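Here the structure is a predicted model, which means the values were calculated and not measured. Letters go in sequence order (proteins before strands), and every chain restarts at 1.
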Amino acid sequence: MIYLWNVWVGMYYFCQIIMNTILQQLKEDAAASLQTIYSLTIAPTEILINETKPDFAGDYSIVTFALSKQLSLKPDAIAHAIGEHLVANYSEKYAAFDVIQGFLNITIQPVLFLNYLQENINAIQYLPSTGKKIMIEFSSPNTNKPLHFGHLRNNFLGDSLSRILAANGHTVIKSNLLNDRGIHICKSMYAWQAFGNGETPTSSGKKGDHLVGYYYVLFENKMKEEAAAITEELLQNNFSKINESQINATEKLVIAYNNAAEANKKKDIKDKIVDIAKANTNYMQGAREMLLKWEENDADTIALWQEMNSWVITGFENTYSKLGIHFDKYYKESETYLLGKKIVLAGVDNGVLFKKENNSVWIDLTADGLDEKLLLRGDGTSVYITQDIGTAQLKYNDYQLDQSLYVIADEQNYHMQVLKLILQKLGEPCAEGIQHVSYGLVELPSGRMKTREGTVVDADDTMDEMIAIAAKHTNELGKTEGFTTDELDTLYNTIGQGALKFFLLRVDAKKKMIFNPEESIDFHGFTGPFIQYAHARTCAILRKENTNKNVDVTIELLKAEKQVIKLCEQFTQSIMQSAAELNPSILCNYVFSVAKQLNSFLAELKVLTAETEEKKILRLQICELAKNTIATCLQLLGIQAPEKM
RNA sequence: GGUCCGGUAGCUCAGCUGGAUAGAGCAACAGCCUUCUAAGCUGUAGGCCCUUGGUUCGAAUCCAAGCCGGAUCACCA
């Protein structure tokens with residue numbers, strides 16, 4: 001695998017091959033034919049070509065209805081004319097044609113497939129370098145709790161996209177923005193100080209992120225308890241625990257609560273009262289004081305913050321490494337928020353932004369159909385988007401990016417739209433390249449996961465469970481004779497991780513998905529292990545016999561043989577489309593179809609005991625091509641391809 | 001309420017820049033291991049593609065209206 005990777009990297013940097021797929025050639029040739037026959041100038045991309053349905057003879061079908069309109073001729077007449085022209089003038093590529101109701105079904109010369117087989121058998125070719133530099137930010141966790149199942153989708157998407165973009169010839173920088181500052185961080189710090197008794201990851205044997213997460217949840221629970229008590233007092237018209245300035249408004253809410261008739265309305269009002277109670281708990285006051293001290297650079301607070309952050313980050317690194325993910329660059333919100341503030345203040349001087357009477361800074365986006373947006377609070381502290389402005393500029397200056405992608409859940413669509421718009425208005429050169437890779441949240445059957453309510457599925461637990469299930473399945477099948485303990489562990493990890501990654505990547509990222517922890521993730525059908533298994537089986541054949549001999553390019557191809565090569569040949573298209581749509585699920589569907597086709601091929605035809613020596617060579621090479629295509633696709637999905645399983 | 005996203009087989013999802021009889025996987029049913037790994041292969045069954053109207057030779061796909069579900073519109077992050 002390592003060797004192959006080096007080959008790929010080499011190809012990526014030095015290979016300047018212009019990718020010319022069969023489909024592209026057909027489009028170009030069809031466009032040329034139309035030019036010759038009808039003097040019709042049409043871009044090859046405008047020509048609609050589908051794969052020919054299995055019931056008809058042919059490989060690809062040109063759909064001529066649209067042309068019929070432009071040429072004022074019957075579809076069948078055009079189809080016949082193009083078909084005859086193609087077969088007459090490009091006989092080395094097109095063997096035959098057939099016209100059925102406006103569809104021109106073209107049979108590709110087998111030699112084209114056989115040439116592809118020869119040229120790609122040892123290494124599947126990526127696209128030549130574009131010179132384009134793209135940063136992709138993903139994961140970006142808060143440093144107050146461990147990663148959960150939702151992060152897994154984010155991480156796998158980001159990791160896979162970075163690989164896919166690299167395969168498309170771009171230079172990719174993977175970045176991770178740590179949200180390491182703010183009130184949520186102070187909450188876990190406060191609770192640790194109050195209840196931790198000096199507990200550390202070393203003293204407790206707990207993973208750092210889990211340890212800190214425990215105190216975050218503890219804070220929330222304790223604070224909620226206190227808030228519940230205060231709420232009771234408020235409902236009894238006792239307002240002694242809350243801030244004087246809030247008493248009047250709270251009093252009105254309590255009256256409204258008592259007068260409300262409908263249960264829904266009562267609940268809404270009570271929620272508001274609870275919010276006020278929460279803000280007035282000793283816990284929240286403690287956390288706020290801590291944040292203030294942090295911003296004032298209080299030595300003890302900073303020391304505690306650094307220590308607890310380091311625990312979390314060590315924990316994250318452990319998880320990332322288990323997931324097979326690494327980053328080229330870490331950014332920290334604590335290091336960028338001041339830069340953002342500076343840019344915003346400069347924007348005030350330029351007159352792009354404006355101040356309100358209480359000194360808060362705003363941008364007016366009403367002309368763009370959005371609202372006014374706050375960029376700095378009245379007290380001068382920055383809000384969430386302020387640091388994003390700083391980070392965006394910093395990224396651009398660090399790497400001179402052509403494009404800057406953000407893998408962030410779709411709940412932040414508005415936020416990302418606003419961010420780009422603000423940077424544009426500020427005249428920041430980084431603005432144009434910003435693009436949000438939006439994905440749907442992973443939900444449980446019961447609804448959204450919430451750390452504070454303890455309804456999250458933990459990332460580490462999920463991985464461990466997947467590996468355990470992989471081990472169970474593997475042992476039941478009993479095919480791992482001769483494996484060492486280490487090899488077995490690696491295999492369980494490979495399969496468990498493959499199942500999980502494929503499960504999360506196979507669905508269109510834009511769509512939200514529901515994950516039911518009660519139903520285990522499948523290992524059959526449209527899954528990672530299915531594809532890994534096709535790879536392993538093929539490896540088994542190739543271990544027994546391999547060949548360096550060239551295939552006779554005049555050999556006749558059986559349908560099962562041709563189908564495999566034909567699908568493999570569509571690899572380039574598949575990675576181009578995945579990159580264009582920033583969507584790894586396209587690649588998942590593609591590699592599944594290759595694996596399925598390969599399995600059918602292996603079920604139908606003998607390889608090692610083929611009818612003739614020529615057929616054996618051909619089929620061994622088809623195995624090699626398909627195996628490499630599958631391994632390459634899996635690699636682009638961040639999934640390992642085992643040689644035995 | 002404004003904006004955005006989704007609604008396809010019992011379940012999970014492809015297909016959506018309009019094109020041939022709407023496809024996979026799971027679950028169900030029926031076959032296939034003295035022959036390269038059965039985590040596999042082959043077959044059967046299962047569909048008012050949310051509704052209504054429009055555009056078109058042709059609509060799951062485009063447009064409009066509506067229904068259902070979700071996100072978002074904070075001096076939260």
Side-chain angles (χ1 to χ4, degrees), chain A residues 45-46 48 50 52-53 55-56 61 63-66 68-69 75 100-103 105 142 144 179 181-185 333 356 358-362 369-371 373-385 387-388 409-415 417-418 438 440-441 443 447-448 470 473-474 476-480 495 499 503 506-508 510-516 519 522-534 536-545 585-586 588-589 592-593 595-596 598-610 619-620 623 644-645:
Chain A
T45 50
E46 299 282 301
L48 179 63
N50 294 336
T52 305
K53 300 273 180 217
D55 302 355
F56 303 98
S61 300
V63 185
T64 57
F65 296 98
S68 149
K69 208 167 254 180
I100 297 168
Q101 293 175 15
F103 290 88
N105 301 336
N142 294 339
N144 64 338
N179 294 297
R181 162 208 98 82
I183 191 76
H184 52 294
I185 307 295
E333 191 187 317
K356 288 198 175 172
N358 70 348
N359 245 357
S360 56
V361 178
W362 296 74
L370 306 175
D371 306 306
K373 184 86 189 168
L374 176 92
L375 299 183
L376 282 178
R377 294 193 188 97
D379 62 6
T381 56
S382 50
V383 289
Y384 178 50
I385 203 160
Q387 63 82 21
D388 272 333
D410 60 9
E411 57 185 350
Q412 298 204 35
N413 285 353
Y414 177 74
H415 174 80
Q417 194 189 349
V418 168
S438 174
L441 291 173
E443 292 180 10
R448 282 178 74 161
H473 282 305
T474 306
E476 277 168 6
L477 291 166
K479 297 181 187 177
T480 48
I495 297 172
F503 177 80
R506 66 178 208 184
V507 180
D508 185 349
K510 284 193 294 292
K511 295 193 176 174
K512 79 165 186 197
M513 60 189 296
I514 293 170
F515 169 66
N516 188 350
E519 295 168 15
D522 223 307
F523 281 60
H524 302 272
F526 187 24
T527 67
F530 174 95
I531 295 157
Q532 290 173 321
Y533 180 67
R537 275 180 75 193
T538 313
C539 286
I541 295 172
L542 292 167
R543 264 198 303 276
K544 293 204 171 94
E545 191 158 357
S585 78
I586 292 166
C588 289
N589 280 289
F592 175 61
S593 66
K596 218 168 27 159
L598 176 64
N599 281 337
S600 298
F601 163 86
L602 292 175
E604 190 180 328
L605 301 168
K606 302 273 174 287
V607 177
L608 297 175
T609 53
R619 287 176 196 164
L620 281 167
C623 284
K644 291 182 191 172
M645 68 186 273

> For A:H184, which residues count as a ring pair (Phe, Tyr, Trp, His ring centres under 6.0 Å) partner, sequence neighbours excluded?
Replying inline: none
> By ring pair (Phe, Tyr, Trp, His ring centres under 6.0 Å), which residues pair with A:Y414, not counting sequence neighbours?
Replying inline: none
So, using side chain to side chain contact (heavy atoms under 4.5 Å, CB included) as the criterion, who are the partners of [X] when residues are at least two apart?
X      : value
A:N413 : A:D410, A:H436, A:S438
A:A409 : A:E411, A:Y439, A:L441
A:I541 : A:L602, A:V607, A:L608, A:L620

>> Can you tell me the base-pairing partner of B:rC36? Count Watson-Crick or G-U wobble geometry only, both distances below 3.5 Å, and say none if there is no partner.
In response: none
>> Which residues pass the side chain to side chain donor-acceptor pair (under 3.5 Å) test with A:Q412, not counting sequence neighbours?
In response: A:Y384
>> Applying side chain to side chain donor-acceptor pair (under 3.5 Å), can you list everything that pairs with A:N589, at least two apart in sequence or on another chain?
In response: none
> Roughly, in whole Å, what's the span from CD in A:Q101 to C1' in B:rC57?
Replying inline: 12 Å
> Between atom CG in A:N179 and atom C1' in B:rA77, what is the gap in whole Å?
Replying inline: 7 Å
> Hey, would you say the A:F103 and A:F65 ring centroids sit under 6.0 Å apart?
Replying inline: yes
Taking only nitrogen or oxygen atoms into account, show me every contact under 3.5 Å that the protein makes with nucleotides 40-43 of chain B, one pair per line with its distance.
from   : atom 1 : to     : atom 2 : distance (Å)
B:rG40 : OP1    : A:G525 : N      : 3.2
B:rG40 : OP2    : A:H524 : ND1    : 2.8
B:rG40 : O3'    : A:N599 : ND2    : 3.3
B:rG40 : O2'    : A:R537 : NH1    : 3.1
B:rU42 : OP1    : A:S600 : OG     : 3.0

>> Taking atom types as they are modelled, would you say the side chain of A:T52 forms a donor-acceptor pair with the base of B:rA20 within the 3.5 Å cutoff?
In response: no
> Between B:rA77 and A:R377, is there an OP1 or OP2 to side-chain N/O distance shorter than 4.0 Å?
Replying inline: yes
>> Checking understanding here: a glycosidic angle within 90° of 0 is syn, the rest anti, so what is B:rC63?
In response: anti
> How does protein contact run along nucleotides 3-19 of chain B, one letter per nucleotide 5' to 3', with B for base contact, S for sugar-phosphate only, - for none, heavy atoms under 4.0 Å?
Replying inline: ---SS----SSS----B
